[in-house]
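The block underneath contains the structure these notes are about, expressed in structure tokens.
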Amino acid sequence: MDKQACHGPSLIWPRSGYDTPAMTEHPPSLATPYRTHTCGQLRAGDIGAEVRLSGWVHRRRDHGQLIFLDLRDRHGITQVVVDGTDSPAAHDVASRVRSEFVVSVSGTVTARLAGTENARLSTGAIELQTTALEILNEARTPPFYINDPDAPVDESLRLKYRYLDIRREPMQQRLLLRSRLVQAIRQAHHENGFVEIETPTLIKSTPEGARDFIVPSRLQPGSVYALPQSPQQLKQILMVGGVDRYFQIARCYRDEDLRGDRQPEFTQLDLEMSFVDEATVMDFVERMAIEVSQAVTPERPLLEVPFPRFTYGEVMERFGSDKPDLRFGMELVDLAPEIPTPDGVPASGFRVFDDALAGGGRVKAIVAPGLGDAPRSRIDELTETAKRFGARGLAHLALEATGSVKGPIVKFLGDDLAERLCARAGAGPGDLVLIVADGTEVTNEVLGRLRTDLGARLGLADPNVLAYCWVHRFPMYKWDVEGGRWDATHNPFSGVVPEDEALLTTVSGDPSRPSPEDPAGRARALQYDLALNGWELGGGSIRIWRRDLLELSFALQGYSLERMRNMFGAMLEAFEYGAPPHGGIALGIDRWAALLTNQATIREVMAFPKTQSGTDLMLEAPSPPDAGQYADLGLRVVPVEERKA
RNA sequence: GGACCCGUGGUGUAGCGGCCCAACAUGCCAGCCUGUCACGCUGGAGAUCGCCGGUUCGAAUCCGGUCGGGUCCGCCA
């Protein structure tokens, strides 16, 4: 994801070329007492007009008696000419002007002299002959280049001076795209009968899920609010309220460690629908996603419409990931069918393979195209990656250009089997076959990680394509070894696939005494995730809206009725007053915007993001409260040493 | 909680035991210039190499710690 890829040539700045249509559409209302037009507005048709422009000095070219100023605002750049013989007063001001000064210019729109037109500017046919120039505000020399969109700048500097970074073209582009994204989302929802409702951000803490951010209450000393991790319960309660179709662009908060795709506060498109099944929700979201993509990034092709729908089982088998990047192949291939099993005993000749198969595990492979002649160091690197994700090792077979198979394990397998394995994997001359032999879960996971890793390194994915896909039929629960209970894989309210309802039982017969052998472990959830280009965009489910199933599911998850009431009391009570069947989804707006602009992190599509350690370098937040704030809240700080004790 | 990478004039980089009181580009300041658009030309200022400590005759360079930023694992229903 390089910076140029940030979608298309754009532009305000002359370096990059030309203006996008979106930036040159001018509502007539942008005129103010400070300007008659914006800096991206004037054209040959305006020649002769007396105008006034205001903006920042993008660049100054001083030729002595003649000074050129490139005047910039977010709409574009207009060249201003100050002639010392025509208007000495303005020339005097122009010679004092520096980069990023805010100035206001009055003058006449004139055609540029023949041969001096600038094709890279949308205003390049004209220039402004200055009659009056006023400095509205001076500016210190900026700490980095505002006028060069390609200049690399340390990200922490950009964050400290975010207002200057936002003045730069790439950030303007991304914030604009994000604005259009949200606008398109809102439009699609309103057109489909959704009601936009705001839910509170001071709510009740629940012990489930991620760590809550908490806010001490002054009126209720000793008690705290929590900031919502998502509006989950509230939106379900809205369904009980008969809202039918709800959506919200909702700010959410999770106090967990940060990543490139995770910030402590982030924005979700949150929606919920009543009287729906899985297909209703998926169909709507899919149509909406297509409309929105085409509205926001019409130049980017969708890989497949309708979006492919995979079951969790299939996607893990084929891609080793529940958020596969479908822009390239490199699918996982099962090698077991080639391995002979005389008397039912696997006999490849290579112990690692045979033991894995005999133990109920798998032998699977992916093909790294063109890496057949990779040096030992490269193989070692891949092996390290495989081990980091839990594999015991990584076997490989290299197909030379001549077609002969090389590799340390050929001597165990024999040439014939080695060749058949390569053929099964789909490898051609010059390719490298990477093989993992382990339990099913580890094998798929490790190969999936290698696939993602190699796909990125080898540049296999077309950066222009948008590859959406659905993944559904997730397992309802995952066995929690320490807790001795079934843990919801996604949302504790996810419904169960109707035909699996009977599986919600335990071997013991008592849902409050679960064991890893329970049929419940095989139950599949009415849960669906939407993935885009290898990122999880979001997920949702049809909820359990029947009281009996909810109690059963919670019992399997090890929650007593009392604990349930404590955590979800309001919602459970609401459910006793006639809850309609309902379900919904939440999509990460930050991730979506990052993907649509081909950025590697969501920080690039947020105006004021935080660092990995959760600080805001511009505001210098967080900061210690003052004594009075503590007193109001009845709080006292415990020194770090005592906390550890 | 852990692993790894980065930190040198305003900015981006080079230098990786002595050739360095640090180089290049750009920015900044001053002067000149009436057709430039990354204007040009001439001159100038600007860094005790994140910080602390150690090794060494000698440290930007090696080692330890620390601070800041990033990537990843754990974590994130």
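Quick note: numbers below take in every heavy atom, side chains included, and nothing from hydrogens, waters or symmetry partners. Here is the naming used below: chain letters follow the sequence lines, and residue numbers restart at 1 for every chain. Values in this document were obtained by computation on a predicted structure and should not be read as measured data.
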Worksheet item: Would you say the side chain of D70(A) and the base of rC37(B) hold a donor-acceptor pair, judged only by whether the two atoms sit under 3.5 Å apart?
Response: no
Fill in: Is_stacked (H63(A), rC39(B)) at 5.5 Å, 30 deg
yes
Discussion item. So does W56(A) get a backbone contact from the side chain of R72(A), meaning a donor-acceptor N/O pair under 3.5 Å?
Written reply: no
Worksheet entry | side-chain N/O R140(A) vs rC28(B) OP1/OP2, d < 4.0 Å | no
Worksheet entry | D529(A) CG - rC76(B) C1' separation (whole Å) | 14 Å
Worksheet item: Looking for any heavy atom pair under 4.0 Å, which part of the strands does G124(A) touch: base, sugar-phosphate only, or nothing?
Response: nothing
Response to the item:
If pairing means Watson-Crick or G-U wobble with both distances under 3.5 Å, then the partner of rG7(B) is rC67(B)
Worksheet entry | d(CG, N118(A); C1', rC39(B)) in whole Å | 13 Å
Fill in: E551(A)/R546(A) salt bridge by N-O under 4.0 Å criterion
no
Worksheet item: Can you tell me if N533(A) uses its side chain to pair, donor with acceptor, with the backbone of L595(A) under 3.5 Å?
Response: no
Fill in: N/O (side chain, R61(A)) to phosphate O (OP1/OP2, rU36(B)) under 4.0 Å
no
Discussion item. Between P on rG12(B) and CD1 on I146(A), what's the gap in Å once rounded to a whole number?
Written reply: 13 Å
Fill in: Between P of rA38(B) and CD of E169(A), the distance in whole Å
14 Å
Worksheet entry | Nearest-0.5 Å distance, CG of residue L572(A) to CG of residue L550(A) | 6.0 Å
Fill in: Contacts of D257(A) that satisfy salt bridge (charged side-chain N to carboxylate O under 4.0 Å, His left out) - sequence neighbours left out
none
Worksheet item: Counting heavy atoms not belonging to E381(A), are there more than 12 under 6.0 Å from its CD?
Response: yes
Discussion item. What's the gap between rG17(B) and rU55(B) when it is taken at their C1' atoms, as a whole Å value?
Written reply: 12 Å
Item to complete: If the plane angle is over 60° it's perpendicular, under 30° parallel, otherwise tilted; pick one for H63(A) and F68(A).
Response: perpendicular
Discussion item. Do T311(A) and R524(A) make a side-chain contact, defined as non-hydrogen atoms from C-beta onward lying under 4.5 Å apart?
Written reply: no
Worksheet, complete the sentence: Within residues 83-93 of chain A, those residues having any heavy atom closer than 4.0 Å to RNA chain B are D83(A), T85(A)
Practice prompt. For F213(A), look at atom CZ and say whether over 12 heavy atoms of other residues, nucleotides or ligands are found less than 6.0 Å away.
Written response: yes
Worksheet item: Starting at the 5' end of RNA chain B, which residue's closest nucleotide do you reach first, R262(A) or V81(A)?
Response: V81(A)
Worksheet entry | For rU36(B), the Watson-Crick or wobble counterpart (both distances under 3.5 Å) | none
Practice prompt. For the side chain of E256(A), starting at C-beta, report the closest nucleotide among rG70(B), rC76(B), rG35(B).
Written response: rC76(B)
Worksheet item: Mind checking the C1' distance from rU11(B) to rC57(B)? Whole angstroms is fine.
Response: 38 Å
Worksheet item: Taking the side chain of R254(A) as heavy atoms from C-beta outward, which of rC76(B), rU36(B), rG12(B) is closest to it?
Response: rC76(B)
Fill in: rC16(B) to rC62(B) separation - P atoms, rounded to the nearest Å
10 Å
Fill in: Residue Y145(A), side-chain heavy atoms: nucleotide from rG70(B), rU11(B), rC37(B) that is nearest
rU11(B)
Discussion item. Distance check, C1' atoms only: rG40(B) and rU26(B), in whole angstrom units.
Written reply: 16 Å
Discussion item. For the C1' atoms, the ones on rG69(B) and on rG50(B), what distance do you get once it is rounded to whole angstrom?
Written reply: 11 Å
Worksheet item: Starting at CG of N147(A) and ending at P of rG10(B), how long is that distance when rounded to a whole Å?
Response: 19 Å
Item to complete: Pick base, sugar-phosphate or nothing for R449(A), based on heavy-atom distances below 4.0 Å to the nucleic acid.
Response: sugar-phosphate
Discussion item. Give me the distance, rounded to whole Å, that separates rC67(B) from rU36(B) when you measure between the C1' atoms they each carry.
Written reply: 47 Å
Fill in: I544(A) side, atom CD1; F575(A) side, atom CZ - distance, nearest 0.5 Å
9.0 Å
Report each atom pair, protein N/O against N/O of nucleotides 65-68 of chain B, whose distance is under 3.5 angstrom.
none

Worksheet entry | Inter-nucleotide C1' distance (rU61(B), rG7(B)), Å rounded | 14 Å
Discussion item. I'd like the C1' distance from rA59(B) over to rC52(B), given in whole Å.
Written reply: 15 Å
Discussion item. The side chain of A210(A) is closest to which nucleotide in this list: rA38(B), rC73(B), rC76(B)?
Written reply: rC76(B)
Item to complete: State whether the side chain of Q172(A) and the backbone N or O of I166(A) hold a donor-acceptor pair below 3.5 Å, judged by distance alone.
Response: yes
Fill in: Whole-Å distance separating the CG atom of L157(A) from the C1' atom of rU13(B)
15 Å
Discussion item. Can you confirm whether the side chains of R61(A) and Q79(A) place a donor and an acceptor under 3.5 Å from each other?
Written reply: yes
Worksheet item: How does protein reach along nucleotides 1-7 of chain B, written 5' to 3' as B (base within reach of a heavy atom under 4.0 Å), S (only sugar-phosphate), or - (no contact)?
Response: B------
Worksheet item: Between the side chain of H91(A) and the main-chain N/O of G64(A), is any donor-acceptor distance below 3.5 Å?
Response: yes
Practice prompt. Indicate whether any N or O donor in one side chain lies under 3.5 Å from an N or O acceptor in the other, for W535(A) and D261(A).
Written response: no
Item to complete: Grab the CD-C1' distance between E384(A) and rC72(B) for me, whole Å please.
Response: 14 Å
Worksheet item: Tell me, which pairs form a side chain to side chain donor-acceptor pair (under 3.5 Å) where one or both residues lie in residues 154-164 of chain A, sequence neighbours left out?
Response: D154(A)-S156(A), E155(A)-R603(A), R158(A)-D165(A), R158(A)-E604(A), R162(A)-D165(A)
Worksheet item: Does any donor atom in the side chain of T199(A) or Q248(A) lie under 3.5 Å from an acceptor atom in the other side chain?
Response: yes
Worksheet item: Watson-Crick or G-U wobble partner for rC24(B), using a 3.5 Å limit on both distances?
Response: rG12(B)
Discussion item. On RNA chain B, compare the nucleotides closest to F389(A) and E155(A); which residue's is nearer the 5' end?
Written reply: E155(A)
Discussion item. Does G209(A) reach a base, just sugar-phosphate, or nothing at all? Heavy atoms under 4.0 Å.
Written reply: sugar-phosphate
Worksheet item: Does Q65(A) make a side-chain N or O approach to OP1 or OP2 of rC33(B) shorter than 4.0 Å?
Response: no
Worksheet entry | Side chain Y477(A), main chain T489(A), donor-acceptor under 3.5 Å | no
Discussion item. Checking S205(A) against D212(A): is there a side-chain donor and acceptor pair closer than 3.5 Å?
Written reply: yes
Worksheet item: Base, sugar-phosphate, or nothing for P143(A), non-hydrogen atoms under 4.0 angstrom?
Response: sugar-phosphate
Worksheet item: How would you label the contact of E127(A) with the nucleic acid (heavy atoms, under 4.0 Å): base, sugar-phosphate, or nothing?
Response: base
Practice prompt. For F68(A) and rU36(B), say yes or no: do the ring centres fall under 5.5 Å of each other while the ring planes differ by less than 30°?
Written response: yes
Worksheet item: Please give, in whole Å, the distance from rC72(B) P to R388(A) CZ?
Response: 10 Å
Please produce a list of atom pairs where a protein N or O lies less than 3.5 Å from an N or O of nucleotides 29-32 of chain B.
from	atom 1	to	atom 2	distance (Å)
rC29(B)	OP1	R98(A)	NE	2.9
rA30(B)	OP2	R98(A)	NH2	3.0

Item to complete: Classify the nucleic acid contact of S541(A) as base, sugar-phosphate or nothing, counting any heavy atom under 4.0 Å across all strands shown.
Response: nothing
